[in-house]
Amino acid sequence: THRLTALHVAAEEGCAPLVELLLRCDAAVHADGREFDENGMRGVDRWDADGKTPLLMAVCSGQPDVAKILLDASADLFFERKGRTLLSNACQYGHDAVARLLLERAAHREEAEGKEPGSLMLNHKNVDHNTKDTPQLCINIAARYGHIGTIRLLLEHKIDLAWELTNDRYTTSLHRA
């Protein structure tokens with residue numbers, strides 16, 4: 001079974017009205033109609049067979065309106081799959097509007113929780129520090145793919161051009177560019 005739900009498809013395709021309808025009606029957003037899947041995930045955070053959530057699909061396909069709807073429905077802002085965060089996926093594909101949304105949501109939570117700016121993106125429990133998927137690495141990812149607007153956005157959010165250990169050698173975003 002693919003465990004792909006209507007919510008996954010609507011999110012990836014950017015069909016905001018359908019995403020809203022599915023969430024509002026709490027229609028069978030799960031493939032089998034259960035409130036929680038076998039991993040304890042609710043519909044908005046339900047994984048498909050590849051471990052992708054509707055929010056990850058919206059992020060990777062550059063759907064900021066859908067991403068906002070899903071975040072408003074309490075989708076996990078700090079979801080991580082295979083050591084990669086939502087932000088690093090947005091940066092890889094150059095989806096600036098999605099990256100901006102993720103950064104703004106994290107900043108809002110930091111402010112509400114009285115935390116230092118950038119602390120949630122840097123230190124959240126889901127960030128895999130073994131794979132170095134941090135906001136600094138997001139700049140390296142954006143540089144590797146030539147996404148200048150994304151780099152500009154990250155710098156506007158005070159993410160520095162820190163050195164990163166990559167393949168046993170130190171590199172900066174300038175090396176990647």
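Hydrogens, waters and symmetry mates play no part in the numbers below; they use all other heavy atoms, side chains included.
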Original post:
Can you tell if the side chain of Leu86 reaches within under 4.5 Å of the side chain of Arg105, non-hydrogen atoms only?
Top reply: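 Of all side-chain heavy-atom pairs linking Arg105 with Leu86, none is under 4.5 Å.
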Original post:
Is Leu101 close to Leu71 at the side-chain level, that is, under 4.5 Å between some pair of heavy atoms?
Top reply: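 Yes, at least one pair of side-chain atoms sits under 4.5 Å.
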Original post:
Ignoring hydrogens and geometry, is there a side-chain-to-backbone donor-acceptor pair from His157 to Leu154 under 3.5 Å?
Top reply: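 No; judged by distance alone, with no hydrogens or angles, the pair does not exist.
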Subject >> Donor-acceptor under 3.5 Å (His95 side chain, Gln63 main chain) >> reply: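 Pair absent, no side-chain N/O of His95 close to backbone of Gln63.
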Original post:
Residues in side-chain hydrogen bond (donor to acceptor under 3.5 Å, both in side chains) with Asp96, at least two apart?
Top reply: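 Asp96 satisfies side-chain hydrogen bond (donor to acceptor under 3.5 Å, both in side chains) with Thr150 once adjacent residues are dropped.
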Original post:
Mind checking what makes side-chain hydrogen bond (donor to acceptor under 3.5 Å, both in side chains) contact with Gln92, not counting sequence neighbours?
Top reply: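 Here the qualifying residues are Arg84.
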Residues that [X] engages under side chain to side chain contact (heavy atoms under 4.5 Å, CB included), provided they are two or more places apart:
X	value
Ile148	Arg152
Glu13	Val9
Arg81	Asp50, Lys52, Leu56, Phe79

Original post:
By salt bridge (charged side-chain N to carboxylate O under 4.0 Å, His left out), which residues pair with Lys68, not counting sequence neighbours?
Top reply: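 Salt bridge (charged side-chain N to carboxylate O under 4.0 Å, His left out) check on Lys68 returns Asp72.
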Any chance you could measure [X], atom [atom1], to [Y], atom [atom2], to the nearest 0.5 Å?
X	Y	atom1	atom2	result
Asn140	Ser88	CG	OG	11.5 Å
Arg24	Ile69	CZ	CD1	10.0 Å
Asp48	Met57	CG	CE	5.0 Å
Asn89	Ser61	CG	OG	11.0 Å
Cys91	Leu103	SG	CG	7.0 Å
Ile151	Leu155	CD1	CG	7.5 Å

Original post:
Out of Val98, Val66, Leu70, which one pairs with Leu55 under the side chain to side chain contact (heavy atoms under 4.5 Å, CB included) rule?
Top reply: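 The single option meeting the side chain to side chain contact (heavy atoms under 4.5 Å, CB included) with Leu55 is Leu70.
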Subject >> Steps toward salt bridge (Lys or Arg N to Asp or Glu O under 4.0 Å) verdict (Glu113, Arg109) >> reply: CA-CA 6 Å; Glu113 295 176 15; Arg109 288 233 343 237; 3.4 Å; yes
Subject >> For Leu102 against Ala90, the heavy-atom pair lying closest together >> reply: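 Nearest heavy atoms, Leu102 then Ala90: CD1-CB, 4.4 Å.
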Original post:
Do Ile141 and Tyr93 sit in the same hydrophobic cluster, where Ile, Leu, Val, Met, Phe, Trp and Tyr count as joined when their side-chain heavy atoms come under 4.5 Å apart?
Top reply: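 No, Ile141 does not connect to Tyr93 through the hydrophobic network.
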